[in-house]
Amino acid sequence: MISLSGLNAAQRQAAETIDGPLLILAGAGSGKTRTITYRIAHMVDNLALPQKSILAVSFTNKAAKEMRERIIGLLGKKKARGLTMATFHSLGVKILKKEISKLGYHKNFSIYDSADQSAIMREALKSFKAGKQFDQKIIMAKIGKLKNQGIGPDDYADSEYFDDEDPYDHATHYVYDYYQDKLKFYNAIDFDDILFLTVKLFTDFPEVAKQYSEQFRYIMIDEYQDTNNLQFDLITGLTSTHNNLCVVGDDDQAIYSFRGADITNILSFERMFPGAKVVKLEENYRSVSSILELANKVIKENINRRDKTLWSQRKSSHTPLLWSMANTEHEAEVISDEISKHQSNGGHLGDIAVLYRSNTQAQPFEEVFRMNQIPYTIIGGQKFYEKKEVKDLMAYLTVILNPKDQLQLRRILNIPNRGIGSRTLEKYLEKSEQEDISLYEALYRYPDLDPNREKHIRDFTGIITKFKEVFDLQSLPEAISKLVEDIGFYEFIDKSYDSAKQVERRRNDVNFFIESAERFVKYNGAHATLKNFVEKLLLQDNQDTEEDEDDDIRKNEVTMMTFHSSKGLEFDTVYMVGVEEESLPHKNTIKNGEDISEERRLCYVGITRAQQKLIMTYCKERKLYGKDTPRFISRFINELDKDGFCVHQDRTTFGHMTEEEADDYKKGFFANLIDGLDDDSMF
DNA sequence: TCGTCCGGCGTTTTT
DNA sequence: CGCCGGACGA
């Protein structure tokens, strides 16, 4: 029996409402995960609802994993078995693996990321008359939007989004058609297709939707404010036979509209699901009240929102600070000094985060932190599977699985260089078109198309054939190592980069790739097939490929990341840097005359990450693209009546310090200066 | 086939 | 300022 007495009244009400539509409006730090994990535990343990009938969907594998672990903590492993915790995409893939043949694809489809997408669209645009006049990015964005509306290439011309007068729309139509055709021919689907095709499956085959809906009689959706229209349609399909839908989210933290998230999903939940119950979680267990007061004040400027007021029992003497800095180097130095002070007072660096609007802002901090020997870690940036060498190896694995995948095949045809260049490729592409066979089949059947290249072609197809078998017989990491060796991949890396540092980094990427295969095998045993491995990597499902269990205990490192990446996390001390006009709100949002409320929400997300201390900074001048540009405080802070909410201090002078502090600071400052001179005196 | 040079451009990104 | 993609020449 699970006791719900540890929940507050609102949380408890949310956990006990099981039937019918339910919206849990969970403010930042209000114990959302706690509430939903207790809700599930309650359903299983107290109400004896079958595990198999419960589905919880989140956006990230990390969130899904955390939920699973916490439920196991409540129920134990045995009782938690049979619950489905998925991401939208992993759920889609799971369904498509079983059903995709109904849509005319084969079961071993490849999954394409946005780089692959872009490559095919570029090709499509090239083949379009006067394709040069069009910006591929705009077309790609249009297609992305169409997919998110559930509009396929065939429906486009009749849709409200198609303007017959607009040449761009004609180009888009052509590219969309070409693109989707190619994908099918390659037996590939892109990230959007995972949802698009699942929804199509549900629409074209309502009996399939019915079957899944009957299986999952209780559905929970996390971060509901971030769902897009396709995800909404997917949810509708899954609830086609019942309406036991519980969604959890916070409209004030909706920051992904640029990716197609539609905030109206959460704003009009009751209209979409009549009879819905709404529970607000407003007590915050994270931040001291002064920080929450500032957060509330900032977000109340937005008009179209569900009214909420976060409150906290935690009092503190700290008032959020707003510091003005001279420029980006100064900003980094002052913060670095503060962190050094914290460190020498015995403070833990894992308690500190530096948050910014864009990744480029991390650079000056990196430099200064390195110089002052402050350990740090940067979250975000390039994804592991997006690194070139990893993509190359993944392409090999993909082709071994799905030789129809022309894109991946073309990627590796001449990697490492084996004298099969664009001329030869052209010939084979022509051949494959003539005979209506895949590129791989053309290579395999006609190795002597150009007698000069015959050996190279045979070598290549030989590798693929051989490794189909190798991967069957040997373990995943063994087979990959052998592949790396056989194709001379390390030697290829060595000669591809001049700097030893680059070579080492890339070699390490390859090693890490092999290691992740080892871990994958260790965790998945018999399920550790090549296909599952490639799929997991693509879906960023690193839960057992990356080292685990350091989530609750942070390393002794300062964490740096974007406001976006910080959603859901918390830190004792938060530095929000570059709180400036044209950064937050971002200049493109201002320029386009767009609604800036999402930028304000981003500011709100940043503020609500802080538990004890919040310091916001802005620079009077910032170096942008090599030019010094004057900057001003963000309107989000400047527009407020700041008295009592936030203390404005000018860090370019010592005016904010006591005399003693200023003296200490100057001493340190001049000492640094002299150190600097010593270094420079070498010249 | 492959390497070099030039010009354009520059947010955020859970999959 | 620095990266990436396309053009062009060896």
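Reminder, nothing fancy here: chain letters follow the sequence lines and each chain counts from 1.
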Centroid separation A:Phe59 to A:Phe88 less than 6.0 Å: yes
Centroid separation A:His586 to A:Phe258 less than 6.0 Å: no
Nucleotide C:dG5, atom P - distance to CE of A:Met121 in whole Å: 16 Å
Aromatic plane relationship, A:Phe191 with A:His89 - under 30° parallel, 30 to 60° tilted, over 60° perpendicular: perpendicular
A:His89 ring over B:dT15 six-membered base ring, under 5.5 Å and 30°: no
A:Asn359 vs B:dT12: side-chain N/O to OP1/OP2 distance below 4.0 Å: yes
Side-chain N,O (A:Ser565) to OP1/OP2 (B:dT13) below 4.0 Å: yes
Lys/Arg cation over aromatic A:Tyr256: A:Arg601, 6.0 Å, 45° cone: no
Separation of B:dT11 P from A:Glu580 CD (nearest whole Å): 15 Å
Between P of B:dT12 and CG of A:Asp226, the distance in whole Å: 17 Å
Ring-ring centroid check A:Phe513 A:Phe533, cutoff 6.0 Å: yes
Sugar-phosphate, base or nothing in reach of A:Asp113, heavy atoms under 4.0 Å: nothing
Sugar-phosphate only, base, or nothing, as touched by A:Thr424 at under 4.0 Å among non-hydrogen atoms: sugar-phosphate
Spacing of A:Leu195 atom CG relative to B:dT13 atom C1', expressed in whole Å: 15 Å
Whole-Å gap separating P (B:dT12) and NZ (A:Lys591): 14 Å
Sugar-phosphate only, base, or nothing, as touched by A:Ile420 at under 4.0 Å among non-hydrogen atoms: sugar-phosphate
All N/O pairs under 3.5 Å across the protein-nucleotides 6-10 of chain B interface:
none

Any A:Thr60 side-chain nitrogen or oxygen under 4.0 Å from OP1 or OP2 of B:dT15: no
A:Asn414 vs B:dT1: side-chain N/O to OP1/OP2 distance below 4.0 Å: no
Salt bridge (Lys or Arg N to Asp or Glu O under 4.0 Å) between A:Asp116 and A:Lys391, intermediate numbers included: CA-CA 10 Å; A:Asp116 301 328; A:Lys391 279 212 89 169; 3.1 Å; yes
Value in whole Å for how far the C1' atom of B:dT12 lies from CD of A:Gln361: 11 Å
Whole-Å distance separating the CD atom of A:Glu123 from the P atom of C:dG5: 16 Å
A:Phe258 over B:dT12, stacked by centroid distance under 5.5 Å, angle under 30°: yes
Toward the 5' end of DNA chain B, by each residue's nearest nucleotide, A:Thr589 or A:Leu425: A:Leu425
5′-ward residue of the pair A:Ile194/A:Arg357 relative to DNA chain B: A:Arg357
Proximal nucleotide (of B:dT13, B:dT11, B:dT15) relative to the A:Thr562 side chain: B:dT13
Quiz item: cation-pi between A:Lys531 and A:Phe109, 6.0 Å / 45°: yes
Nearest to side-chain heavy atoms of A:Asn417, which nucleotide of B:dC2, B:dT13, B:dT11: B:dC2
Sugar-phosphate only, base, or nothing, as touched by A:Tyr256 at under 4.0 Å among non-hydrogen atoms: base
Pi-cation contact, A:Tyr105 with A:Lys184 (under 6.0 Å, within 45°): yes
Whole-Å gap separating C1' (C:dG6) and CZ (A:Arg122): 10 Å
